[in-house]
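Here is the structure we will look at, set down as structure tokens.
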Amino acid sequence: MRRVVVTGMGVISPVGNSTEAYWESLKTKKVGIAPITHFDTEGYKATLAAEVKDFDPLSVMDAKEARRMELFSQYAVAAAAEALSQAGIADLSEEESYRTGVSIGSGIGSLQIFEQAHTKLLEKGPGRMPTLFVPLMISNMAAGNVGIHFGLKGKNINVVTACATGTHSIGEAYRSIQVGDADVMVAGGTEAAICPMGVAGFTALTALSKETDPLRASLPFDKDRSGFVMGEGAGVLVLEELSHAQKRGAKIFAEVAGYGATSDAYHITSPVETGEGAARAMKLAMDEALLAPEEIQYINAHGTATHLNDLCETRAIKTAFGEAAYQLNINSTKSMIGHCLGAAGGLEAVACVKTIEEGYIHATAGFQEAEEEMDLNYTAEGIAREVTACLSNSLGFGGHNATLLFKKYVE
């Protein structure tokens, strides 16, 4: 199999709209959660979210193009622009364009245009539906718009696995390069679902925290956790076949060395209580990378701050790692950026790559005390530690489990 490396990163997030701004915020425990401004929350039980701030789509596209994209697609194009710029990929030849693909997923697509179109349908009839309702709404348009905007004519796919979307999208891009379907893949996740239907829908599932203090709302692994906080944004990596990157003289930030994907086959929203499905995904990723549990220093956990997820993920880590679980640093980026749904895996993959690059593991912000069974190191304070290999976990409604293994690049 061909080796795959990371040569670019791009971020739109609740704590910064570039990779460096995002990473500096994570290191300083900056929490991007605040009262919702996207709509009036009167009557809503959940009133906090991690919204993207100061995003201007016109910084990466013209007004006409922006009007033909919903926010989740705009975020994807903006994050891809940064990642491609960092990778030094531009002005592709015709042949190169067919060897450069896109794998960017969104778990939901646009609920906002659905809300608007439904209101118009009821009030004014079917003849007044927005012309672009369907292409604005459907989730594959993030990947489609990235391909169109940058002229990327290779494999263009959209993985939709709820909250595991971003991680699966990167994993499938990695596989595509491994087997020779592409030389370069722009991969990650994007989401923008902080709207009345999104917040009301997740509240109906009793999944969202009703906390009103932004600093105590998203508390992964803490005994006071009360549900997740919705976030939004996009995280994108440029993945590249090793010799292709070397030939260009590209800077290599890390290597993708393993990918595991399983299904709980258990319940539409709850993880299996033993954590076996997630444990198997982690084992598959480590086996592919030919690494033992003792050779992993860090896990960026799914860590949603829901009662079952954090407990079951802890059990999964113990199953996959045995006694080595107690030597790990585990954190949840969601403690600061909320749960960005389909974008979560992309944003957390960027955090993993930066951790390897800088030798620093960010804190799980707000973490104070866990329950008795949750006795691992959830990284209450950031720590300088050399990381040569780490995992990024994502678990999605429907029982989807995905794990990526990143490691320090060595020739």
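It should be emphasised that the depicted structure is a prediction, and the values quoted were computed from it without experimental measurement. Sequence positions, counted from 1, serve as the residue numbers for this chain.
- For Y75, the ring-ring contact (aromatic ring centres under 6.0 Å, His included) partners are F55, not counting sequence neighbours.
- Within the 4.5 Å cutoff, the side chain of T47 has no heavy atoms near those of the P35 side chain.
- Residue pairs meeting the side chain to side chain donor-acceptor pair (under 3.5 Å) criterion with at least one partner in residues 155-166, sequence neighbours excluded, are S139-N158, K155-S176, K155-D181, T161-H168.
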> Are Y266 and E273 close enough, and set up right, to give a side chain to side chain donor-acceptor pair (under 3.5 Å), and what steps lead you there?
Replying inline: CA-CA 10 Å; Y266 171 71; E273 292 189 6; 4.6 Å; no
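- To the nearest 0.5 Å, atoms CG (L239) and CD1 (I170) are separated by 7.0 Å.
- Residues L152 and S97 fail the side-chain proximity criterion, which asks for heavy atoms closer than 4.5 Å.
- Salt-bridge annotation for R3 and E240: absent, with no side-chain N of the basic residue lying under 4.0 Å from a carboxylate O of the acidic one.
- Across all their heavy atoms, V350 and G10 have their closest contact at CG2-O, 4.3 Å.
- Between the side chain of E295 and the backbone N or O of A292, at least one donor-acceptor pair lies under 3.5 Å.
- Taking the charged nitrogens against the carboxylate oxygens, R315 and E276 have no contact shorter than 4.0 Å, which rules out a salt bridge.
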>> Could you walk me through whether L347 and V11 satisfy the side chain to side chain contact (heavy atoms under 4.5 Å, CB included) test, starting with their C-alpha distance in whole Å, then the side-chain angles of each, then the deciding distance to 0.1 Å, before giving a yes or no?
In response: CA-CA 7 Å; L347 287 162; V11 166; 3.8 Å; yes
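- Not a single donor-acceptor pair under 3.5 Å links the side chain of N145 to the backbone N or O of S73.
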> So E371 and R225, salt bridge (Lys or Arg N to Asp or Glu O under 4.0 Å) or not? Walk me through it.
Replying inline: CA-CA 10 Å; E371 301 160 16; R225 66 193 184 280; 2.8 Å; yes
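- Considering V272, L284, N393, D264 as possible partners of N401, the one that fulfils the side-chain contact (heavy atoms from CB on, under 4.5 Å) test is D264.
- Proximity of a side-chain donor or acceptor of R99 to a complementary backbone N or O of G154 within less than 3.5 Å is not detected.
- The CD1 atom of I113 lies 14.5 Å from the CE atom of M69; values are rounded to the nearest 0.5 Å.
- Taking CZ of R2 as the reference point, atom OG of S243 lies at 6.5 Å (rounded to 0.5 Å).
- For the pair K354 and E357, the salt-bridge criterion is met [side-chain N within less than 4.0 Å of a carboxylate O].
- Applying the side chain to side chain donor-acceptor pair (under 3.5 Å) test to pairs two or more places apart or on separate chains, those with a residue in residues 375-390 are K29-E381, Q297-T388, T314-Y378, K318-D375, Y326-D375, N329-T379, N329-R385.
- Inter-residue side-chain proximity for V4 and Q178 is flagged as met; some heavy-atom pair is nearer than 4.5 Å.
- When side chains are defined from C-beta on, K407 does not count as touching Y409, because their heavy atoms never get closer than 4.5 Å.
- Between H400 atom NE2 and T167 atom OG1 the span is 12.5 Å, to the nearest 0.5 Å.
- For the pair E24 and K27, the salt-bridge criterion is met [side-chain N within less than 4.0 Å of a carboxylate O].
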> Which is it for T19 and Q86 under the side chain to side chain donor-acceptor pair (under 3.5 Å) test, yes or no, and what are the steps along the way?
Replying inline: CA-CA 10 Å; T19 299; Q86 188 177 77; 5.0 Å; no
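- Put simply, the side chain of E313 gets close to the backbone of H302: a donor and an acceptor are under 3.5 Å apart.
- Residues A193 and I108 approach most closely at CB-CD1, 3.9 Å, considering heavy atoms.
- The closest donor-acceptor contact from the side chain of S218 to the backbone of K334 lies under 3.5 Å.
- No salt bridge links K223 with E372; every basic N to acidic carboxylate O contact stays at or beyond 4.0 Å.
- Annotation for D56: atom CG counts as buried by contact number, over 12 foreign heavy atoms lying within 6.0 Å.
- The heavy-atom pair separating V31 from V15 by the smallest distance is C-CG1, 4.2 Å.
- Checked by atom type, the side-chain pair N300/T333 shows a donor-acceptor distance below 3.5 Å.
- Within the model, atoms CD of E232 and CD of E191 stand 9.5 Å from one another, a figure rounded to the nearest 0.5 Å.
- Under a 3.5 Å cut-off, the side chain of N331 and the backbone N or O of A363 do not form any donor-acceptor pair.
- With 3.5 Å as the limit, one finds a donor-acceptor pair spanning the side chains of E51 and T37.
- In this structure, the ring of F228 has its center less than 6.0 angstrom from the ring center of F202.
- With Y259 contributing its side chain and A402 its backbone, the two residues share no donor-acceptor pair below 3.5 Å.
- The side-chain heavy atoms of F133 and Q116, taken from C-beta on, include no pair separated by under 4.5 Å.
- For K408 and E255, the salt-bridge test fails: no basic side-chain N is under 4.0 Å from an acidic carboxylate O.
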>> What verdict does the salt bridge (Lys or Arg N to Asp or Glu O under 4.0 Å) test give for E288 and R175, after you've listed the backbone C-alpha separation in whole Å, the side-chain angles of each residue and the deciding distance to 0.1 Å?
In response: CA-CA 12 Å; E288 182 176 13; R175 284 278 183 265; 2.7 Å; yes
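- When every heavy atom of L215 is checked against every heavy atom of L219, the shortest pair comes out as O-CD2, 4.0 Å.
- Summarising the geometry of I330 relative to T364, their closest heavy-atom pair is O-OG1, 4.0 Å, with the distance given to 0.1 Å.
- A distance of 13.5 Å separates OG of S209 from CE of M230, quoted to the nearest 0.5 Å.
- Using modelled atom types, one side-chain atom of T119 and one backbone atom of E115 make a donor-acceptor pair closer than 3.5 Å.
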> Where do I104 and V236 land on the side chain to side chain contact (heavy atoms under 4.5 Å, CB included) test, with the steps shown first?
Replying inline: CA-CA 8 Å; I104 294 178; V236 172; 4.0 Å; yes
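- The shortest side-chain heavy-atom distance between L291 and L405 falls under the 4.5 Å cut-off.
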>> Under the criterion side chain to side chain contact (heavy atoms under 4.5 Å, CB included), I'd like the reasoning laid out for M185 against V102: C-alpha separation, chi angles, the key distance, then a yes or no.
In response: CA-CA 5 Å; M185 291 291 289; V102 181; 5.7 Å; no
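- The closest side-chain heavy-atom distance from I383 to Y360 is not below 4.5 Å.
- Donor-acceptor pairing under 3.5 Å is lacking for the side chains of H362 and T355.
- With S13 contributing its side chain and G16 its backbone, the two residues share a donor-acceptor pair below 3.5 Å.
- Looking at every heavy atom in both residues, I299 comes nearest to M282 through CD1-SD, 4.2 Å.
- Put simply, the side chain of S270 never gets that close to the backbone of H267: no donor and acceptor are under 3.5 Å apart.
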